[in-house]
Amino acid sequence: MPDSIAPDFYAFDSLLSEDERQVRDTVARFVDERVLPIIAECFEKERFPKELVPEMAELGLLGPTFEDYGCAGLNNVAYGLIMQELERGDSGIRSFASVQSGLCMYPIHTYGSDEQKNRWLPAMAKAEAIGCFGLTEPDGGSDPGTMKTSAVKKGGDWVLNGAKMWITNGSVADVAVVWARTDEGIRGFLVEKGTAGYTTRDIPHKFSLRASVTSELFFDNCKIPADNILPKAEGLGAPLSCLTQARYGIAWGGIGAAMACYREALAFCRERVLFGKPLIHKQHMQIRLADMVRRITLGQLLALQLGRLKDKGEMHHTQVSLAKWNNVRMGLDVAREARDILGAGGISVECSPIRHSMNLESVITYEGTETIHQLIVGREITGVAAL
Ligand SMILES: Cc1cc2nc3c(=O)[nH]c(=O)nc-3n(C[C@H](O)[C@H](O)[C@H](O)COP(=O)(O)OP(=O)(O)OC[C@H]3O[C@@H](n4cnc5c(N)ncnc54)[C@H](O)[C@@H]3O)c2cc1C
């Protein structure tokens with residue numbers, strides 16, 4: 001098995017089409033050549049490598065599943081493999097792509113007017129415009145139905161007031177997809193950078209996703225033109241449908257982070273000689289490495305079946321919850337295990353497991369915490385909502 005696809009214990013590669021493999025290998029090369037050489041320093045210095053964004057656009061990684069507006073028209077398995085490889089680099093890079101594609105281009109594509117689509121989608125695919133998605137508020141993200149941000153109709157336009165918190169790409173975004181309470185229920189608005197009363201502030205001192213921008217958004221009597229409401233998005237179901245898209249990609253991303261950590265732990269165990277032999281000779285180390293392969297293999301097969309269901313239009317959002325829960329938990333457990341295997345050196349940012357493990361502390365919380373996904377699955381199998 002080539003190192004570049006390890007671990008592949010169940011001939012996962014053979015389940016992919018030639019096109020899917022090609023997409024994965026192209027993104028893998030981009031990650032190896034452009035992300036990995038700089039990402040430790042970006043993480044340490046809390047810098048989002050914005051210079052990589054045009055290259056991601058060039059490779060067709062932004063909005064890749066759309067067939068129009070200059071997008072690549074890939075299937076959902078290929079999209080998942082993109083997310084896997086980007087997160088093998090860093091969760092922050094994958095988060096950027098997830099937000100741009102799943103949380104911004106998707107709602108504009110699904111709920112937007114023709115004018116909105118023509119204006120934003122080609123520009124977002126080319127990275128000429130960056131998007132962010134404002135749902136979470138300071139008073140709690142798990143229960144977005146209680147949001148306080150409001151929009152009131154005034155003349156033909158809307159007046160937006162409130163605040164959003166923990167918003168990926170916030171201060172670098174040219175357009176924010178913002179969800180607000182209105183007389184007509186929850187609606188989505190496209191808030192453009194430079195709108196009077198719209199300000200952002202980056203959230204400092206993060207120990208996680210340090211190579212990603214996370215911001216607060218503030219709306220103080222922002223006048224939003226009537227043309228900037230998403231005409232087909234009505235009710236909480238619209239933002240939740242966007243989350244389903246992004247969570248699908250995250251389920252693949254967890255595999256990428258775990259693959260990076262597993263490879264590093266295995267390489268270390270081959271080289272590190274203790275008590276007269278390399279660590280791979282120790283039963284306990286073999287069991288720990290075998291357990292990583294077990295977990296990653298299960299995650300791969302789960303994600304692939306989810307992708308095949310999505311491509312057939314048969315995926316249910318509760319299946320996405322189970323996959324996001326399982327694969328992010330799996331990635332976090334593998335990353336922590338790999339960190340420990342690397343010994344003291346494992347606490348250095350020069351090794352990837354500590355960075356992946358710190359990143360995955362965010363990933364397990366955002367886009368629905370692990371608990372929320374467990375309760376979504378619980379509701380599905382019992383018929384009782386315990387949220
Ligand atoms: C780095 C980062 C980037 C993010 N990017 C975005 C973004 O781009 N856009 C966006 O809108 N949001 C974003 N978020 C916000 C994220 O989605 C929220 O943090 C998440 O939904 C949880 O909300 P909260 O942090 O307010 O926690 P809370 O909702 O306050 O939850 C606190 C705790 O209570 C638990 N809990 C909640 N409900 C129940 C229940 N019924 N029973 C038992 N336990 C429960 C939770 O699991 C959690 O442990 C981001 C977050 C981070 C960390």
Side-chain angles (χ1 to χ4, degrees), residues 42-43 46 48 87 90-107 130-149 162-181 186 188-189 191 200-219 233 236 238-247 249-250 253 257 320-321 324-325 328-329 332 355-379 382 384-387:
C42 290
F43 187 88
E46 232 177 330
F48 170 56
E87 195 138 3
D90 190 84
S91 304
I93 307 296
R94 199 271 307 137
S95 295
F96 169 81
S98 284
V99 169
Q100 181 84 347
S101 303
L103 294 181
C104 296
M105 294 175 77
Y106 174 82
I130 291 176
C132 71
F133 177 89
L135 181 64
T136 304
E137 301 198 346
D139 289 340
S142 299
D143 187 13
T146 58
M147 71 175 64
K148 295 199 176 99
T149 298
K164 298 287 176 181
M165 195 158 182
W166 300 109
I167 307 306
T168 303
N169 302 349
S171 64
V172 294
D174 301 287
V175 60
V177 177
V178 177
W179 301 93
R181 172 171 305 290
I186 288 170
F189 297 87
V191 181
T200 65
R201 182 170 63 198
D202 285 345
I203 298 176
H205 312 306
K206 286 182 301 167
F207 274 50
S208 177
L209 284 187
R210 289 172 63 82
S212 165
V213 174
T214 317
S215 317
E216 293 174 90
L217 313 181
F218 303 99
F219 311 101
L236 195 57
L240 294 184
S241 74
C242 304
L243 294 179
T244 298
Q245 303 307 311
R247 290 165 176 172
I250 293 171
V320 181
S321 281
K324 195 264 182 182
W325 158 24
V328 178
R329 167 54 61 189
L332 183 56
R355 177 169 51 78
H356 282 298
S357 124
M358 288 160 82
N359 280 340
L360 290 164
E361 294 290 350
S362 281
V363 180
I364 205 161
T365 287
Y366 73 25
E367 304 272 349
T369 67
E370 183 177 58
T371 306
I372 291 298
H373 290 296
Q374 290 165 334
L375 294 175
I376 289 171
V377 174
R379 182 178 59 195
T382 62
V384 179
L387 286 158

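For ligands, and for the atoms within them, numbers begin at 1 and follow the listed sequence. If you read the sequence from its start, that first residue is 1, and numbering goes on from there.
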Identify, for atom 45 (C) of ligand 1, the protein heavy atom at the shortest distance, and state residue, atom and that distance.
T371 CG2, 4.1 Å
Would you mind checking which non-hydrogen protein atom is closest to atom 26 (O) of ligand 1, with the distance to 0.1 Å?
G141 N, 2.7 Å
Any non-hydrogen protein atom less than 4.0 Å away from atom 34 (O) of ligand 1
no
Of all the heavy-atom pairs spanning S212 and K206, show the shortest one and how long it is.
O-NZ, 2.6 Å
Expected output: side-chain N169 to main-chain C132 donor-acceptor under 3.5 Å
no
What protein heavy atom sits nearest atom 53 (C) of ligand 1, and how far away is it?
S362 OG, 3.8 Å
Once you restrict to heavy atoms under 4.0 Å, what part of L375 touches ligand 1? Side chain, backbone, both or neither.
side chain
If you measure from each non-hydrogen atom of E367 to ligand 1, which part falls under 4.0 Å: side chain, backbone, both or neither?
backbone
Mark whether atom 37 (C) of ligand 1 lies under 4.0 angstrom from at least one protein heavy atom.
yes
Per-atom contacts, ligand 1 versus I167 - under 4.0 Å to a heavy atom
7 (C), 8 (O), 9 (N), 10 (C), 11 (O)
With no hydrogens and no angle check, is any side-chain donor or acceptor of K164 less than 3.5 Å from a backbone partner on W179?
yes
Can a side-chain donor-acceptor contact be found between N359 and S208 if the only test is distance below 3.5 angstrom?
no
Give a yes or no answer on whether the side chain of E137 reaches the backbone of T149 with a donor-acceptor pair at less than 3.5 Å.
yes
Partners meeting side chain to side chain contact (heavy atoms under 4.5 Å, CB included) with R94 (sequence neighbours left out)
M83, L86, E87, S98, I250, V363, Y366
Keeping the roles fixed (side chain from S362, backbone from M358), state whether a donor-acceptor pair exists under 3.5 Å.
no
The protein heavy atom nearest to atom 28 (P) of ligand 1 is S142 OG, 3.6 Å
Identify the closest protein heavy atom to atom 2 (C) of ligand 1: which residue and atom is it, and at what distance?
Y366 CD2, 3.7 Å
Counting only heavy atoms on the protein side, is anything nearer than 4.0 Å to atom 13 (C) of ligand 1?
yes
With a 3.5 Å distance limit and no angle check, can you tell me whether H373 reaches the backbone of V320 through a side-chain donor-acceptor pair?
no
Which protein non-hydrogen atom lies closest to atom 6 (C) of ligand 1, naming both residue and atom, and how far is it?
W166 O, 2.6 Å
N/O of L135 under 3.5 Å from N/O of ligand 1, yes or no?
yes
Protein heavy atom at shortest distance from atom 46 (C) of ligand 1
T369 OG1, 3.6 Å
Residue pair Q245, L103: steps toward the side-chain contact (heavy atoms from CB on, under 4.5 Å) verdict:
CA-CA 7 Å; Q245 303 307 311; L103 294 181; over 6 Å; no
Do side-chain atoms of S215 reach the backbone of S171 as a donor and acceptor pair under 3.5 angstrom?
yes
Can you name the one residue among I364, V328, L332 that meets side chain to side chain contact (heavy atoms under 4.5 Å, CB included) with E370?
I364
Can you find a protein heavy atom under 4.0 Å from atom 49 (O) of ligand 1?
no
E216 (side chain) donor-acceptor with M165 (main chain) under 3.5 angstrom
no
With heavy-atom distances below 4.0 Å as the criterion, list the atoms of ligand 1 near L387.
40 (C), 41 (N)
Atom 20 (C) of ligand 1 - nearest protein heavy atom and its distance
T365 O, 3.5 Å
Structural part of T136 in contact with ligand 1, heavy atom criterion under 4.0 angstrom
both
Atoms of ligand 1, numbered as shown, that sit under 4.0 Å from any heavy atom of L209:
1 (C)
Examine T168 against ligand 1 and note whether any of their N/O atoms are separated by less than 3.5 Å.
yes
